[in-house]
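It should be emphasised that the depicted structure is a prediction, and the values quoted were computed from it without experimental measurement. Here is the naming used below: chain letters follow the sequence lines, and residue numbers restart at 1 for every chain.
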Protein chains: 2
Amino acid sequence: MDLADTLADTPQFSPLYRQIADMLTRSLQAGEWQPGQPIPSEQELAVRYKVSQGTVRKAIDALASSNLLVRRQGKGTYVASHTEATTQFRFLRLTPDSPEPLSARKLAAPATPHEPLARRFLDCRRQRPPAEVAVALGLRGGALAVQVRRLLYFRERPVVLDDLWLPAALFKGLTWERLAAYRGPMYGLFEAEFGVRMIRAEEQIRAVAADAAVATLLESVSGAPLLEVSRIAYTFGDRAVEFRRGLYDTRHHHYRNTLG
Amino acid sequence: MDLADTLADTPQFSPLYRQIADMLTRSLQAGEWQPGQPIPSEQELAVRYKVSQGTVRKAIDALASSNLLVRRQGKGTYVASHTEATTQFRFLRLTPDSPEPLSARKLAAPATPHEPLARRFLDCRRQRPPAEVAVALGLRGGALAVQVRRLLYFRERPVVLDDLWLPAALFKGLTWERLAAYRGPMYGLFEAEFGVRMIRAEEQIRAVAADAAVATLLESVSGAPLLEVSRIAYTFGDRAVEFRRGLYDTRHHHYRNTLG
DNA sequence: GAGTGGTCTAGACCACTGA
DNA sequence: CAGTGGTCTAGACCACTCG
């Protein structure tokens, strides 16, 4: 084994379609095509990049399966957007319990698992983040963060208490008023007004006991078991841009997950 | 709109590669190729089904992405198996907390998230299942189920208490002794000795308080918050073959999930 | 009917594995 | 080296959408 081998244990072979996919990703990141808008047709892109349509196709397949693009047969390929109904609950896995037992609802309409949730914003302020948050977001020195706290309601009852932190540098002008005024999911606001697109997220889930303050906000009792969901959300280039800690009241809701 | 339209709101167009994928699935279900063994090469299958290699390829792609097959470049395509190290933790999402904060472990070795877990089986008995379980498993009349209870240990401490139910008709001869004697994951045993392959599962997660009996088993205290993970696991044809309720002690572990 | 994505083919060549 | 999966091409045709 020589030096070259040692340096190159990451294989540097990259197929054409991967390179095309990377170029498309850069165009998306640069905003060449906007969320909700169509990108050029496969044929056009094949000409632009001087490859066959099949290769462009495979590149688009890759981006579509990471939810960056959405294909619509007969119409075109569109830039994915958090403001669309279909993408609504991609990042919120809490679902109301069905009156029926665990299975048996196979034939029920799985289309809209929720009715729209009401929200109430408690705080929105800039401050120095705790060390854990600074590390998670890669904030150095005294870089500020925006802290947002909010409640989510289902049928007039509080179910989720979220406490989230964003790099202040990326969210200049984010205020309580703008949060409260926006209709639709928060990630839609981030995408539309700050150009920050959440691509994927990692969650860690545990059970904790409600303290007095939390119990009051969730209309529960001190010591009640809650789901604690810690999330780091990433944008292009695996850059962490949100740290979030959610407390879920699971007396009438559950977190759903599919193991493939 | 005529009658044909009314009956056929499910589009009945099925591309060739889908039909091939379905035939391959039936062969897998019938045991024509065994877990861990290679299936015929793409070229052979193309000849057998009288289609091009590209079409076989697309069919295999579909099955590989649902974890039924595993591709190995230069070697062949293999039937996925629960007895292999790579598939080990596909269905167990509980991970020990890392000493570092939530992120920052990006560069750490993500290969083996766990050391092997010790197990202790508490029960294995046949009996009439509770209504909820019977519904979930589609058991009719007085059909029996096998109930298994077990503890999972990490570093000598109990962390998971599982209570699971299986259709007795599919697991004839499953005994405490066989469970205790088997090395490796339980789904490996089910696959190897009963021909039951778990393909996918749905989980519902909530936070609950430990009762006295559970607290004793998990070496915790009554009222301590625990993660309750309810699972229904499915085999070929979306047939439910396992109902499981797990209680996880998350004082030093967490359930991890990726949102894509 | 024109334009889009979706399928299928046939053939060439590349990257990887193991004897 | 032969055999496998992985990539790429060029071209034909199909299914879907919309004006």
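Within the structure, every side-chain polar atom (N or O) of A:Lys58 is placed at least 4.0 Å from both OP1 and OP2 of D:dC8. Applying the 4.0 Å criterion to OP1 and OP2 of C:dG5, one finds that A:Thr77 has a side-chain N or O inside that range. Close to D:dT9, at under 4.0 Å from its OP1 or OP2, lies a side-chain N or O of A:Thr55.
With rounding to whole Å, A:Arg57 atom CZ is found 16 Å from D:dT7 atom C1'. At whole-Å resolution of the value, CG in A:Leu63 and P in C:dG5 are 14 Å apart. Atom CZ in A:Phe13 sits roughly 16 Å away from atom C1' in C:dT17 (whole-Å rounding). Rounded to whole Å, atom C1' of C:dC14 lies 18 Å from atom CZ of A:Arg18. To the nearest angstrom, P of D:dT7 lies 12 Å from CD of A:Gln19. We find that CG of A:Leu16 is positioned 11 Å from P of D:dT7, with the value rounded to whole Å. In this structure, B:Ile60 places its CD1 atom 9 Å from C1' of D:dG5, rounding to the nearest Å.
B:Arg231 places a side-chain N or O within 3.5 Å of a backbone atom of B:Phe91 that can act as its donor or acceptor partner. A donor-acceptor contact shorter than 3.5 Å links the side chain of A:Gln19 to the backbone of A:Ser14. Of the possible donor and acceptor atoms, one in the side chain of A:Arg90 sits under 3.5 Å from a partner among the backbone N and O of B:Gly260.
Applying the salt bridge (Lys or Arg N to Asp or Glu O under 4.0 Å) test to residues at least two apart or on different chains, the pairs with a partner in residues 182-196 of chain B are B:Arg178-B:Glu193.
With hydrogens and angles left out, the side-chain atoms of B:Arg197 and B:Thr235 include no donor and acceptor closer than 3.5 Å.
By the 4.0 Å N-to-carboxylate-O rule, B:Arg26 lies too far from B:Asp22 to be salt-bridged with it. Salt-bridge formation is detected for the pair B:Glu84/B:Arg72: a Lys NZ or Arg NE/NH1/NH2 atom is positioned less than 4.0 Å from an Asp or Glu carboxylate oxygen.
Side-chain rings of A:Tyr248 and A:His253 stay apart, their centers remaining 6.0 Å or farther from each other.
A heavy atom closer than 4.0 Å to some atom of DNA chain C occurs in no member of residues 43-53 of chain A. Of the residues in residues 65-75 of chain B, those placing a heavy atom less than 4.0 Å from an atom of DNA chain C are B:Gln73, B:Gly74, B:Lys75, in numerical order.
Here D:dC8 is the nucleotide among C:dC8, D:dC8, C:dG5 with the atom lying nearest to any side-chain atom of A:Pro15. With D:dC8, C:dT7, C:dG5 as the candidates, the nucleotide lying closest to the side chain of B:Tyr17 is C:dT7.
The shortest distance between side-chain heavy atoms of B:Pro40 and B:Trp33 falls below 4.5 Å.
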